[in-house]
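Structure first, then comments.
Computed from heavy atoms alone, side chains included, the values below leave out hydrogens, waters and symmetry copies. Heads up: numbering here begins at 1 and tracks the sequence.
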Amino acid sequence: MTNWELPPAVPHNPTCGACHGEIEHDGDTYRCNQCKLIFDPHDLTAEFADEEDEVCGADCDNEFHGWNRINIGYTYDCTTCILPEGHQDDHYTNCRPRKVAP
């Protein structure tokens, strides 16, 4: 045995829930510059970084979200992009798979 100590774990910042990219801590909140979102440091809920921004509203453009495209018998319930207008990453549409009766 040596007198050396093993290094402790290093906690990482959370990642953005929309783009899964790294976010910065500015002293008060976490911030994703790509998606133009800020996250509460306690419960990690998101809100627009600039409350005057409008919602992007772009339609889902994922070609694999059609009927039987990924899994037989499934389709997707797609929505429009809920990120702030002018975000720099892909659109976040929160599409959900849904089984369709044969």
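Taking the side chain to side chain contact (heavy atoms under 4.5 Å, CB included) definition, one finds that Arg98 meets it with Thr75, Asp77, Val100, sequence neighbours left out. For Asn62, the side chain to side chain contact (heavy atoms under 4.5 Å, CB included) partners are Cys60, Phe64, His65, not counting sequence neighbours. Residues passing the salt bridge (Lys or Arg N to Asp or Glu O under 4.0 Å) test with Asp26, sequence neighbours excluded: Arg31. The side-chain hydrogen bond (donor to acceptor under 3.5 Å, both in side chains) test applied to Thr93 returns no partner, not counting sequence neighbours. Scanning for side-chain hydrogen bond (donor to acceptor under 3.5 Å, both in side chains) contacts around Asp53 gives Lys36, with sequence neighbours left out. Residues passing the side-chain hydrogen bond (donor to acceptor under 3.5 Å, both in side chains) test with Asp43 are Thr45, sequence neighbours excluded. Taking Asp50 as the reference, nothing meets the side-chain hydrogen bond (donor to acceptor under 3.5 Å, both in side chains) condition, with sequence neighbours excluded. Every residue meeting the side chain to side chain contact (heavy atoms under 4.5 Å, CB included) condition with Asp59, not counting sequence neighbours, appears here in chain and number order: Thr80.
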Would you check, one step at a time, whether the test side-chain contact (heavy atoms from CB on, under 4.5 Å) holds for Cys56 with His91? CA-CA 8 Å; Cys56 172; His91 296 293; 3.4 Å; yes
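Thr79 contributes atom OG1, which lies 9.0 Å from atom CZ of Arg96 (distance to the nearest 0.5 angstrom). Atom CD1 of Ile38 sits about 12.0 Å away from atom SG of Cys32, to the nearest 0.5 Å.
Hydrophobic side-chain contacts under 4.5 Å tie Leu44 into a cluster, directly or through other members, with Ile23, Tyr30, Leu37, Phe39, Phe48, Val55, Ile82, Leu83, Tyr92.
At a threshold of 4.5 Å between non-hydrogen side-chain atoms, the residues His87 and Cys19 do not count as touching.
Within a 6.0 Å radius of CD in Glu22, no more than 12 heavy atoms belonging to other residues, nucleotides or ligands are found.
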